[in-house]
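For reference, the structure is listed below as structure tokens.
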Amino acid sequence: MRTSHLTNGQTARPQEDGPEAAAADVEQRPGGWFLRRAGAYVALTKPRVIELLLVTTVPTMILAADGLPSFWLIVTTLIGGAGAAGSANAFNMWWDRDIDQVMNRTKKRPLATGEITPRAGLVFASILGLLSLAWFALVINWAAMWLTLGAIVIYVVGYTMILKRRTPQNIVWGGIAGCMPVFIGWASVTGGLSWAALALFGIIFFWTPPHYWPLSIKFKKDYAAANVPMLPVVSDDKRVAAEMVGYTIAMIACSLLLTPLAGMSWVYTLVAAVLGGWFLWSTIAMLRRAQGKASGKLGAMKVFHGSITYLSLLFVAVAVDVFLPF
């Protein structure tokens with residue numbers, strides 16, 4: 001809190017600093033209440049998570065089309081995918097609002113703070129999900145619609161409602177939902193699936209644990225306080241790091257398997273091998289630190305950020321490879 005002073009020496013009323021004051025300032029502006037409420041609903045969709053999902057969708061569509069799909073198809077697929085992912089994330093926040101209130105990382109989410117009521121959050125998630133399914137069915141094709149429905153059900157029911165609070169393998173099997181955008185993107189272009197699409201699915205499936213577990217290590221106390229049995233909560237860092245290495249090796253195998261299945265060039269193969277080797281070394285280095293064989297901090301968040309770089313660059317390579325003249 002700070003106190004402002006008038007020129008005549010009189011003291012004005014105290015002024016509050018911080019997010020609460022900023023929010024109050026927003027509401028006092030014309031349309032401020034609407035902007036704040038709209039921002040709260042946008043936050044329910046977890047926009048940063050959606051960004052990563054869409055990064056994998058466009059390169060998949062380019063590979064499926066063996067070139068650049070129509071601009072309209074790309075845009076409509078991204079709109080439907082963003083809506084479906086936003087719906088699943090909003091359902092997740094609605095169901096997890098009790099543990100979100102306990103965890104420091106999530107306690108400011110709109111349903112945890114009460115800025116949006118549980119009923120309003122549920123209605124929003126339901127409407128957004130139905131609209132996205134209708135969009136895929138009417139604008140794209142039924143195959144993409146059914147895959148989208150499967151993604152929502154796997155994430156909301158399979159991961160959020162069943163696995164998350166019951167097993168340390170929650171993110172492994174629940175992560176299937178995060179792999180579905182490649183199936184959806186492929187089906188949007190071709191109306192079906194292929195072995196190449198399955199290899200792309202495998203890349204993201206095996207990438208998910210070494211991507212998410214480092215974040216779980218950082219917020220281990222949060223998950224423990226909320227009684228969520230993430231693997232880093234119930235196991236030591238050595239086991240977590242060892243499993244990350246294993247999943248990373250499987251991920252690299254899937255990335256290289258894409259070469260014969262999709263007819264990728266040596267350029268993609270080389271990029272996949274180099275990126276895979278770099279990320280594998282980062283997980284091995286983390287394992288060595290966890291075992292006490294190397295000095296320094298565990299470096300979990302470095303691996304987390306590295307995983308995002310790896311996946312983004314790999315899928316850029318997938319898209320670029322399609323346009324190479326050899």
Exercise for review: Give a yes or no on whether W278 atom CH2 has more than 12 heavy-atom contacts from other residues, nucleotides or ligands under 6.0 Å away.
Suggested key: yes

**Study point:** Taking every non-hydrogen atom, the tightest pair across H211 and S307
**Key:** ND1-OG, 2.7 Å

Check your understanding: Does any non-hydrogen side-chain atom of L147 lie less than 4.5 Å from one of F136?
Key -> no

Point to revise | Residue pairs passing the salt bridge (charged side-chain N to carboxylate O under 4.0 Å, His left out) test where at least one lies in residues 209-233, sequence neighbours excluded | key: K220-D237

With a 3.5 Å cut-off and sequence neighbours excluded, list the donor-acceptor pairs that the side chains of residues 197-206 form with protein atoms.
none

Check your understanding: Are any side-chain N or O atoms of D321 and backbone N or O atoms of A317, one a donor and one an acceptor, separated by less than 3.5 Å?
Key -> no

Exercise for review: State whether R36 and E115 are salt-bridged, where the test is any N-O pair (Lys NZ or Arg NE/NH1/NH2 against Asp/Glu carboxylate O) under 4.0 Å.
Suggested key: yes

**Study point:** In one Ile/Leu/Val/Met/Phe/Trp/Tyr side-chain cluster, 4.5 Å: L313, L258
**Key:** yes

Practice item. Report the C-alpha separation of V172 and Y247 in whole Å, then their side-chain angles, then the decisive distance to 0.1 Å, and conclude whether the side-chain contact (heavy atoms from CB on, under 4.5 Å) test is met. Key: CA-CA 10 Å; V172 177; Y247 279 109; 3.6 Å; yes

Point to revise | Same apolar cluster: L215 and V102, side chain cutoff 4.5 Å | key: no

Point to revise | Close aromatic pair by centroid cut-off 6.0 Å: W207 and F279 | key: no

Practice item. Output yes when a side-chain donor or acceptor of R165 lies under 3.5 Å from a complementary backbone atom of V228, and no otherwise. Key: no

Practice item. State, to 0.1 Å, how close V322 and V318 come at their nearest heavy-atom pair, and which atoms those are. Key: CG2-O, 3.5 Å

Check your understanding: Do L68 and F323 come within less than 4.5 Å of each other through their side chains, counting heavy atoms only?
Key -> yes

Point to revise | Interatomic distance, Q101 atom CD to D96 atom CG [nearest 0.5 angstrom] | key: 11.0 Å

Check your understanding: Are any of the side-chain heavy atoms of S188 and I184 separated by less than 4.5 Å?
Key -> yes

Check your understanding: Roughly how far, to the nearest 0.5 Å, is the CE atom of M61 from the OG1 atom of T56?
Key -> 11.5 Å

Practice item. Would you sort out whether L280 and V245 count as a side-chain contact (heavy atoms from CB on, under 4.5 Å), showing the intermediate values? Key: CA-CA 7 Å; L280 176 60; V245 171; 4.0 Å; yes

Review point. Rest of the hydrophobic cluster containing V55 (Ile/Leu/Val/Met/Phe/Trp/Tyr, side-chain heavy atoms under 4.5 Å)?
Key: none

Review point. How many angstroms lie between atom CD1 of I154 and atom CD1 of I162, to the nearest 0.5 angstrom?
Key: 11.0 Å

Point to revise | Between CE on residue M251 and CE on residue M244, distance to nearest 0.5 Å | key: 10.5 Å

Review point. Quick check: does any side chain N or O of D236 sit under 3.5 Å from a backbone N or O of R239, one acting as donor and the other as acceptor?
Key: yes

Review point. Mind checking whether W195 and L257 have side chains closer than 4.5 Å, heavy atoms only?
Key: no

Practice item. Taking the side chain as every heavy atom from C-beta outward, state whether R289 and K297 have any pair of such atoms under 4.5 Å apart. Key: no

Review point. Does L130 share a hydrophobic cluster with I79, counting links as ILVMFWY side-chain heavy atoms below 4.5 Å and allowing steps through other members?
Key: no

Review point. Counting distance only, does the side-chain N/O of T76 pair as donor-acceptor with the main-chain N or O of L73 below 3.5 Å?
Key: yes

Review point. Quick one: hydrophobic cluster around L131, which other residues, with the 4.5 Å side-chain cut-off, linked directly or via members?
Key: V123, I127

Check your understanding: Shortest non-hydrogen contact from A82 to I50?
Key -> O-CD1, 3.7 Å

Review point. Would I62 and V189 count as a side-chain contact (heavy atoms from CB on, under 4.5 Å) if you check the C-alpha gap in whole Å, the side-chain angles of each, and the deciding distance to 0.1 Å?
Key: CA-CA 9 Å; I62 292 173; V189 173; over 6 Å; no

Practice item. For L133 and M145, work out which heavy atoms get closest and say how close. Key: O-CG, 3.2 Å

**Study point:** Test item: S87 side-chain N/O and A125 main-chain N/O as donor-acceptor pair under 3.5 Å
**Key:** yes

Exercise for review: Can you run down the side-chain hydrogen bond (donor to acceptor under 3.5 Å, both in side chains) pairs that involve residues 116-142, sequence neighbours left out, and say none if there aren't any?
Suggested key: none

Check your understanding: Is there side-chain contact between Q169 and M230, with heavy atoms separated by less than 4.5 Å?
Key -> no

Review point. Can any side-chain N or O of T167 pair as donor or acceptor with the backbone N or O of L163 at less than 3.5 Å?
Key: no

**Study point:** Pair V303-L298, side-chain contact (heavy atoms from CB on, under 4.5 Å): steps then yes or no
**Key:** CA-CA 10 Å; V303 177; L298 190 62; over 6 Å; no

Review point. Side chain of R97, backbone of W94: donor and acceptor closer than 3.5 Å?
Key: yes

**Study point:** Backbone of Y155 reached by a side-chain donor or acceptor of T160 within 3.5 Å
**Key:** yes

Going by atom type alone, with no hydrogens or angles, which donor-acceptor pairs under 3.5 Å involve a side-chain atom of residues 38-49 and a protein atom two or more places apart or on another chain?
unit_1	atom_1	unit_2	atom_2	d
T45	OG1	V42	O	2.6
K46	NZ	N92	OD1	2.9

**Study point:** Euclidean distance, K107 NZ relative to I99 CD1, rounded to 0.5 Å
**Key:** 15.5 Å

Practice item. Measure the spacing between CG of L54 and CZ of F315 and express it to the nearest 0.5 Å. Key: 12.5 Å

Check your understanding: Are any of the side-chain heavy atoms of T259 and Y268 separated by less than 4.5 Å?
Key -> yes

Practice item. Identify the heavy atoms of W186 and S194 that sit nearest to each other, and give their distance. Key: CZ2-OG, 3.0 Å

Check your understanding: Does atom CZ of F71 have more than 12 heavy-atom neighbours, drawn from other residues, nucleotides or ligands, at distances under 6.0 Å?
Key -> no

Exercise for review: Give a yes or no answer on whether the side chain of R288 reaches the backbone of I284 with a donor-acceptor pair at less than 3.5 Å.
Suggested key: no

Study note, to complete from the structure: Of all heavy-atom pairs linking D100 and A112, the shortest is CB-CB, 3.9 Å

Practice item. Answer whether the closest heavy-atom distance between the side chains of V139 and W72 falls below 4.5 Å. Key: yes

